[in-house]
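First up is the structure itself, then whatever we jot down about it.
Values in this document were obtained by computation on a predicted structure and should not be read as measured data. Reminder, nothing fancy here: chain letters follow the sequence lines and each chain counts from 1. All values below come from the heavy atoms of this structure, side chains included, with hydrogens, waters and symmetry mates left out.
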Number of protein chains: 2
Amino acid sequence: MSEGVEWALHSCLNLTWLPSEQAVPAAKLAAFYGLPAAYLNKQLQALARAGIVSSTSGPRGGFRLARAAERITLLDVVVAIEGPDEAFRCEELLKRGPGADPAVDYRQACLVARAMRRADLAWRRELAARTLADLKADVERAYPDSPSNTINRFADLRA
Amino acid sequence: MSEGVEWALHSCLNLTWLPSEQAVPAAKLAAFYGLPAAYLNKQLQALARAGIVSSTSGPRGGFRLARAAERITLLDVVVAIEGPDEAFRCEELLKRGPGADPAVDYRQACLVARAMRRADLAWRRELAARTLADLKADVERAYPDSPSNTINRFADLRA
DNA sequence: GTTCAGATACTCGGATAGGGACTGTCCGAGTCCTATTGG
DNA sequence: CCAATAGGACTCGGACAGTCCCTATCCGAGTATCTGAAC
């Protein structure tokens with residue numbers, strides 16, 4: 001899986017602690033973890049195309065969450081970066097074997113593909129069941145100082 | 001995910017229908033689906049290293065299942081090909097941020113990593129719950145002619 | 001007929017090239033702020 | 001003092017190389033089989 005997924009998740013989580021009316025430039029989000037700004041910007045563009053964040057150009061511009069953290073699931077973020085394809089991609093091997101019926105869609109009929117799809121759905125179900133708001137609440141419960149610390153550290157960047 | 005996983009799963013499934021005392025060369029397993037024999041051989045080597053199949057050299061040699069199909073899970077096969085690492089790999093991004101504690105293992109402490117790990121475990125649980133024998137039984141239930149067809153078609157190869 | 005040695009053919013196993021995707025970087029289009037200038 | 005305007009600085013967005021892993025291939029090491037001859 002792309003490393004950008006980790007960057008996107010942490011950056012989105014940071015955005016949940018910052019004032020929602022304030023846009024944050026990609027350079028600041030990158031500086032927080034010492035990441036290459038241009039590459040993180042690329043990931044944020046993917047999030048923008050997926051409608052997870054909204055972007056603003058020019059001074060005082062940047063990225064902000066496009067909707068409430070309660071309505072953004074971890075699956076949304078992962079799909080925005082990794083794409084919608086499932087990990088196991090059925091190449092319809094059975095169609096290349098003897099006794100194959102060209103009219104059959106083996107992506108549906110092949111029981112191997114079906115078993116792998118079942119596992120993939122379980123994975124997506126877990127990710128879809130957790131929102132950014134859930135994650136934020138969990139972090140605040142485990143580390144109560146996180147919100148104020150994060151806000152202060154973002155204010156100190158570019159000081 | 002590697003395409004070799006699909007090849008390995010279908011090849012193992014074919015092995016469940018063939019006499020267990022008879023070793024099948026990689027060339028035959030590959031010819032069944034028109035796959036490149038040398039590359040499938042590479043995947044079978046990975047299965048052998050994982051103890052899923054046993055290999056025999058020389059004439060009348062080849063691969064056979066190393067243990068009963070009831071004791072081989074789909075996860076075993078996937079891990080043998082893809083490796084044991086989980087899809088989401090926590091790079092400990094928090095360690096590169098402000099307020100990081102070098103002594104903390106963020107692979108355990110980071111709640112983002114934990115959420116991704118939970119999804120990964122759900123995926124593995126599904127794969128571990130299904131054995132090759134389950135899959136074989138499902139196929140035989142849906143397509144009762146599969147066992148004899150498969151055996152006959154393997155006998156016709158190299159005819 | 002039996003046995004033994006040699007040759008043979010077959011199979012796995014690891015070492016060797018080629019291609020595509022992720023990683024990383026750069027510069028241009030668009031936008032907002034600001035300072036200046038004229039009324 | 002106020003307003004309009006031109007300049008400038010900042011930010012996103014897409015286009016351009018580098019690197020690693022997956023794909024594909026080949027040849028050598030090892031082994032069981034077969035052949036032939038000798039006893």
Side-chain angles (χ1 to χ4, degrees), chain A residues 1-8 11 15 21-31 33-66 78 80-85 87-89 91 93 96 157-158, chain B residues 1-8 11 15 21-31 33-66 78 80-85 87-89 91 93 96 157-158:
Chain A
M1 181 177 304
S2 247
E3 191 177 358
V5 172
E6 186 178 10
W7 300 6
S11 294
L15 283 176
E21 71 279 5
Q22 177 188 350
V24 183
K28 268 197 181 180
L29 289 168
Y33 293 117
L35 300 174
Y39 190 36
L40 179 62
N41 187 20
K42 197 173 180 54
Q43 315 293 348
L44 293 170
Q45 286 174 34
L47 294 177
R49 277 192 295 270
I52 293 173
V53 302
S54 65
S55 63
T56 311
S57 287
R60 312 283 296 170
F63 296 90
R64 76 194 73 188
L65 293 181
V78 171
I81 303 296
E82 283 289 297
D85 295 343
F88 180 84
R89 181 168 43 97
E91 293 287 349
L93 206 57
R96 306 176 60 177
L157 290 177
R158 300 283 221 156
Chain B
M1 181 178 304
S2 251
E3 190 178 356
V5 172
E6 186 179 9
W7 300 5
S11 294
L15 284 176
E21 71 278 4
Q22 176 188 353
V24 183
K28 268 196 184 183
L29 288 168
Y33 292 118
L35 300 174
Y39 189 36
L40 178 63
N41 188 22
K42 195 173 180 55
Q43 315 294 348
L44 292 170
Q45 285 174 34
L47 294 178
R49 278 192 296 270
I52 295 173
V53 301
S54 65
S55 62
T56 309
S57 286
R60 312 282 297 170
F63 296 91
R64 75 194 75 187
L65 292 181
V78 172
I81 303 296
E82 282 290 296
D85 295 342
F88 180 84
R89 180 168 44 98
E91 293 288 349
L93 206 57
R96 306 176 61 176
L157 289 177
R158 298 283 219 157

Reading nucleotides 23-33 of chain C from 5' to 3' and marking B where a protein heavy atom lies under 4.0 Å of the base, S where only the sugar-phosphate is that close, and - otherwise, the string is BBBB---BBB-
Between [atom2] of [N] and [atom1] of [X], the distance in whole Å:
X     : N      : atom1 : atom2 : value
A/E91 : D/dC22 : CD    : P     : 16 Å
B/L35 : D/dA24 : CG    : P     : 9 Å
A/E82 : C/dA21 : CD    : C1'   : 11 Å
A/R49 : D/dG13 : CZ    : P     : 9 Å
A/L47 : D/dC12 : CG    : P     : 13 Å

Could you work out, with ring-ring contact (aromatic ring centres under 6.0 Å, His included) as the rule, every residue matching B/Y39, not counting sequence neighbours?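 Checked B/Y39 against ring-ring contact (aromatic ring centres under 6.0 Å, His included); matches are B/W7.
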Could you check whether A/A26 gets within reach of a base, just the sugar-phosphate, or nothing at all, counting any heavy atom under 4.0 Å?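 Sugar-phosphate contact only - A/A26 comes under 4.0 Å of backbone atoms but never of a base.
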Each base of DNA chain D marked ( ) or [ ] if paired in-strand (Watson-Crick or G-U under 3.5 Å), | if paired to another strand and . if unpaired gives |||||||||||||||||||||||||||||||||||||||
Phosphate-side-chain proximity, [X] and [N], N/O vs OP1/OP2 below 4.0 Å:
X     : N      : result
A/R64 : D/dT11 : no
A/Q45 : D/dG14 : yes
B/S55 : C/dT11 : no

Can you tell me how far the [atom1] atom of [X] sits from the [atom2] atom of [Y], to the nearest 0.5 Å?
X     : Y     : atom1 : atom2 : answer
B/Y33 : B/S11 : OH    : OG    : 7.0 Å
B/L29 : B/Q43 : CG    : CD    : 12.5 Å
A/T56 : A/R64 : OG1   : CZ    : 4.5 Å
A/E6  : A/M1  : CD    : CE    : 11.0 Å

Out of A/L15, A/L47, A/L44, A/I81, which one pairs with A/I52 under the side chain to side chain contact (heavy atoms under 4.5 Å, CB included) rule?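 When side chain to side chain contact (heavy atoms under 4.5 Å, CB included) is applied between A/I52 and each of A/L15, A/L47, A/L44, A/I81, only A/L47 qualifies.
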Sequence-distant partners of A/A31, side chain to side chain contact (heavy atoms under 4.5 Å, CB included), two or more places apart: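 Result, side chain to side chain contact (heavy atoms under 4.5 Å, CB included) vs A/A31: A/L157.
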Could you list the residues that satisfy side chain to side chain donor-acceptor pair (under 3.5 Å) with A/E82, not counting sequence neighbours?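 Side chain to side chain donor-acceptor pair (under 3.5 Å) check on A/E82 returns A/S2.
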Tell me every residue that passes side chain to side chain donor-acceptor pair (under 3.5 Å) with A/E91, counting only those two or more places apart in sequence or in another chain.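 Once residues adjacent in sequence are excluded, the partners of A/E91 under the side chain to side chain donor-acceptor pair (under 3.5 Å) criterion are A/R89.
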